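Following: one structure in structure tokens, then a few remarks.
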Amino acid sequence: MTFRTRFAPSPTGFLHIGGARTALYCWLEARHRGGQFILRIEDTDHERSTAAAVQAILDGLHWLGLDADEGPFYQTQRMERYREVAQQLQEAGKAYWAYESREELDAMREAMKARSEKPRYDGRARDAKLPCRDDPNRVLRFRNPQAGSVVFEDKVKGRIEIANAELDDFVMVRSDGFPTYNFAVVVDDLDMGITEVIRGDDHVNNTPRQINLYEALGAPVPGFAHLPMILGPDGHKLSKRHGAVGVMQYREDGYLPHAVLNYLARLGWSHGDQEIFSIREMIGLFDIADVNHSAARFDFAKLGWLNQHYLKAGDPAELGKELAWHLQRLGLDVAHGPDPAQVVVALRERAQTLKAMAEQARIWYAPIETWDEKAVAKHLRADGATDVLRALHVRLGALEDWSPASIHALVGEVATVRGIGMGKVAQPLRVAMTGTAVSPAIEDTVCLAGRDLALQRIEDAMERATQ
RNA sequence: GCUCCCUUCGUCUAGUGGCCCAGGACAUCGCCCUCUCACGGCGGUAACGCGAGUUCGAGUCUCGCAGGGAGCGCCA
């Protein structure tokens, strides 16, 4: 049997960072073992599932490059199959009809809690052999074994054992005819030939029930691997404030898919001291058995560092396309300004995200809107600054080769000729070009502006200096 | 409450009984580089939750405690 994993999100929201990591590990493990990665949408909760959420999940996976070999399959399109298996189990005496009302069930649980017991179904209809009849409260329950215990070897957590006495007869088929999660996953994983179930560790407690179901079906039990959860920076559960946003939000914030993937890979898994992994390396080195046992906090600082790493290592033309997208989002006209690819080269060592880069690139695409008065006073109105600017204006106007190297040499010469430091030349020029005392290397700042704009801004600056 | 799981620097982690008075990375601090901001280089601060036990020897094995988390639905 070939190795098959699946990612099975429920479309009740976007694909958040925890889901993305689960998908990545499933994908990596499948690729590593030369198996298949299947995508399945668990949409049996018709109250909360939405088509928009399905699309958001698909978009997120696509952006990350986690392509599925099969699917997406939708549970709502497999209703006939669930009915068939349910009937089979019921006829074999492994499932039974029950008709307690919600109120009755609630009261039962309350009573148990009052006695300090774990709230669960007490099996009151277990041996009643009730016939199937029309009833708004009709559900089909699984007849869970009562003796012994379920033991399984979790690929990341190790051996886990839970006594059957702790389990109750869970609902397999709801009164509306829809299967419940615990029932549908088993049928699906079985039908889809899943050999390794990799999912969040909030499912550990469901696993024994599912194993009992596999056994009731006389089916082989797949391997299980439960991933520890991802916590917010504050150590608490992820919330909207810090990371429980859709992965597409990461794109909007200027992160690269590879950086997110690399970060997620290292969040809970490691390969010695290695921090940077190409996709190919991740596939080659990843092993679900090497995943850590404990929850990990999400750290934006490290994600930012990784993102900048990929910004510095990536292809400028490629990155330029994505930068153009961010520039447009800022309302900047990419056609009236430098080639984004060149902007990438000038700014990649100064920005951790493409969004920040786009903001810094504003100086080349739009007029200077705000002036840093302190910078103006210090550099534009400094002694000799106007003379320097005038000289710069003349020489830049006559510069034959408009390139960073030539501009750099020119600035250096102006400083040397006047016997002053580079700072006395570069800073006034910088303020003239940007309105602030902070920008990329002066030659890049000037070069990317283009000659016309550069000369215009020097003129404007000289005028401003006299105000 | 019950069941299950987890516990190494601020954070992510290396570590499978001696190689660890604990290594790497991010963050942080200092120095260098320097036209600003960065990048880069060099260096520093900083951790085995607590207690027993096993052993010649424990971050590594066992037990207990404490702390944290998850589950206990006709949600997934």
Side-chain angles (χ1 to χ4, degrees), chain A residues 8-12 42-45 47-49 98 100 102 105-106 109 112-121 137-141 154 157-158 160-163 165-168 170-182 184-185 199-208 226 228-229 231 233 235-237 263 266-276 292-306 308 312 347-352 360 375 379 408 411-412 415 421-431 434 436-443 445:
Chain A
S10 63
T12 53
E42 310 217 321
D43 55 355
T44 52
D45 181 358
E47 302 266 300
R48 300 192 296 155
S49 298
E100 291 81 16
R102 315 246 177 178
L105 258 14
D106 285 345
R109 293 198 184 91
M112 288 174 144
K113 272 195 213 170
R115 277 176 279 151
S116 287
E117 287 173 28
K118 181 193 255 187
R120 59 237 242 255
Y121 182 66
N137 290 322
R138 184 189 67 198
V139 294
L140 186 67
R141 285 183 180 272
D154 192 278
K157 305 257 180 193
I160 292 178
E161 173 171 4
I162 294 179
E166 293 298 328
L167 275 23
D168 66 356
F170 67 92
V171 170
M172 284 172 42
V173 181
R174 302 192 277 224
S175 45
D176 61 8
F178 274 61
T180 59
Y181 168 74
N182 279 309
V185 243
R199 74 232 302 193
D201 71 1
D202 46 334
H203 288 294
V204 175
N205 293 286
N206 285 320
T207 307
H226 289 96
M229 59 186 299
L231 271 21
H236 293 297
K237 209 168 166 181
Y263 180 72
R266 277 292 281 102
L267 194 65
W269 171 80
S270 62
H271 179 72
D273 287 338
Q274 189 171 345
E275 296 287 349
I276 305 295
N292 268 268
H293 299 186
S294 52
R297 295 192 195 201
F298 195 89
D299 180 14
F300 282 97
K302 189 156 187 182
L303 204 216
W305 171 76
L306 270 168
Q308 185 167 24
K312 288 193 286 186
L347 291 176
R348 71 211 312 195
E349 287 180 353
R350 296 175 166 74
Q352 288 201 320
Q360 289 178 43
H379 302 295
H408 180 80
V411 172
M422 275 284 276
K424 293 282 185 203
V425 180
Q427 283 306 84
L429 182 54
R430 171 168 284 115
V431 177
T434 68
T436 76
V438 177
S439 88
I442 194 64
E443 59 268 29
T445 304

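The sequence lines fix the lettering, A, B, ..., with proteins before strands; numbering per chain opens at 1. Remember, predicted model here, so these are calculated numbers, not experimental data.
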Counting N and O atoms only, with roles assigned by atom type, does the side chain of A:D154 sit under 3.5 Å from a partner on the main chain of A:H226, one being a donor and the other an acceptor?
->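 Yes; judged by distance alone, with no hydrogens or angles, the pair exists.
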Can you tell me how far the NE2 atom of A:H408 sits from the CE atom of A:M422, to the nearest 0.5 Å?
->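 So the gap between those two atoms works out to 4.5 Å.
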Hey, could you give me the CZ/CE distance between A:F298 and A:M229, rounded to the nearest 0.5 Å?
->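 If we round to the nearest 0.5 Å, A:F298:CZ and A:M229:CE are 14.0 Å apart.
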Reckon [X] has a side-chain N or O less than 4.0 Å from the OP1 or OP2 of [N]?
X      : N      : result
A:T44  : B:rA76 : yes
A:R266 : B:rU11 : no
A:R109 : B:rG73 : yes
A:K312 : B:rG40 : yes
A:S439 : B:rC37 : no
A:N292 : B:rA14 : yes

When the [atom1] atoms of [N] and [M] are considered, how many whole Å apart are they?
N      : M      : atom1 : value
B:rA22 : B:rA27 : P     : 24 Å
B:rC20 : B:rA70 : C1'   : 34 Å
B:rG68 : B:rG73 : C1'   : 25 Å
B:rC9  : B:rC65 : C1'   : 25 Å

Choose from [options] the nucleotide whose nearest atom is closest to any side-chain atom of [X].
X      : options                : value
A:R120 : B:rA25, B:rC72, B:rG69 : B:rC72
A:K302 : B:rU3, B:rA25, B:rG1   : B:rA25
A:N205 : B:rC74, B:rU36, B:rG71 : B:rG71
A:E166 : B:rC26, B:rA76, B:rU3  : B:rU3
A:V171 : B:rC6, B:rU36, B:rC74  : B:rC74
A:K118 : B:rC72, B:rG10, B:rA14 : B:rC72
A:P119 : B:rG24, B:rG73, B:rC74 : B:rG73
A:D202 : B:rU3, B:rG69, B:rA70  : B:rA70
A:R297 : B:rA76, B:rC72, B:rC12 : B:rC12

Would you mind classifying the nucleic acid contact of [X] as base, sugar-phosphate or nothing, using non-hydrogen atoms under 4.0 angstrom?
X      : answer
A:R199 : nothing
A:K157 : sugar-phosphate
A:G421 : nothing
A:H203 : base
A:P440 : base
A:R348 : nothing
A:M229 : sugar-phosphate

If we call it a pair only when both distances are under 3.5 Å in a Watson-Crick or G-U wobble match, what pairs with [N]?
N      : value
B:rA52 : B:rU62
B:rC72 : B:rG1
B:rU16 : none

Looking only at side chains, do A:H379 and A:R430 share a donor and an acceptor under 3.5 Å apart?
->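 There is no such pair (donor and acceptor under 3.5 Å, judged by atom type) between the side chains of A:H379 and A:R430.
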Looking at A:D45 and A:R48, does any basic side-chain N land under 4.0 Å from a carboxylate oxygen?
->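 Judged by the 4.0 Å cut-off on N to carboxylate O distance, A:D45 and A:R48 do form a salt bridge.
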Can you check whether any acceptor in the base of B:rG24 is under 3.5 Å from a donor in the side chain of A:Q274, or vice versa?
->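 No such pair is found, so the answer is no.
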Any donor-acceptor pair under 3.5 Å between the side chain of A:E443 and the base of B:rC35?
->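 Yes, the side chain and the base share a sub-3.5 Å donor-acceptor pair.
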Which sits closer to the 5' end of RNA chain B, A:H271 or A:D176, going by the nucleotide each is nearest to?
->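 First, find each residue's nearest nucleotide; the 5'-ward one identifies A:H271.
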Specify the separation, in whole Å, of atom NE2 of A:H226 and atom P of B:rA76.
->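 For the pair A:H226 NE2 and B:rA76 P, the rounded distance is 16 Å.
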For A:N205, which residues count as a side chain to side chain donor-acceptor pair (under 3.5 Å) partner, sequence neighbours excluded?
->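 Testing A:N205 for side chain to side chain donor-acceptor pair (under 3.5 Å), a comparison that skips the adjacent residues, returns none.
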Which atom of A:R120 lies closest to which atom of A:M112, heavy atoms considered |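 Heavy atoms of A:R120 and A:M112 come nearest at O-SD, 3.1 Å.
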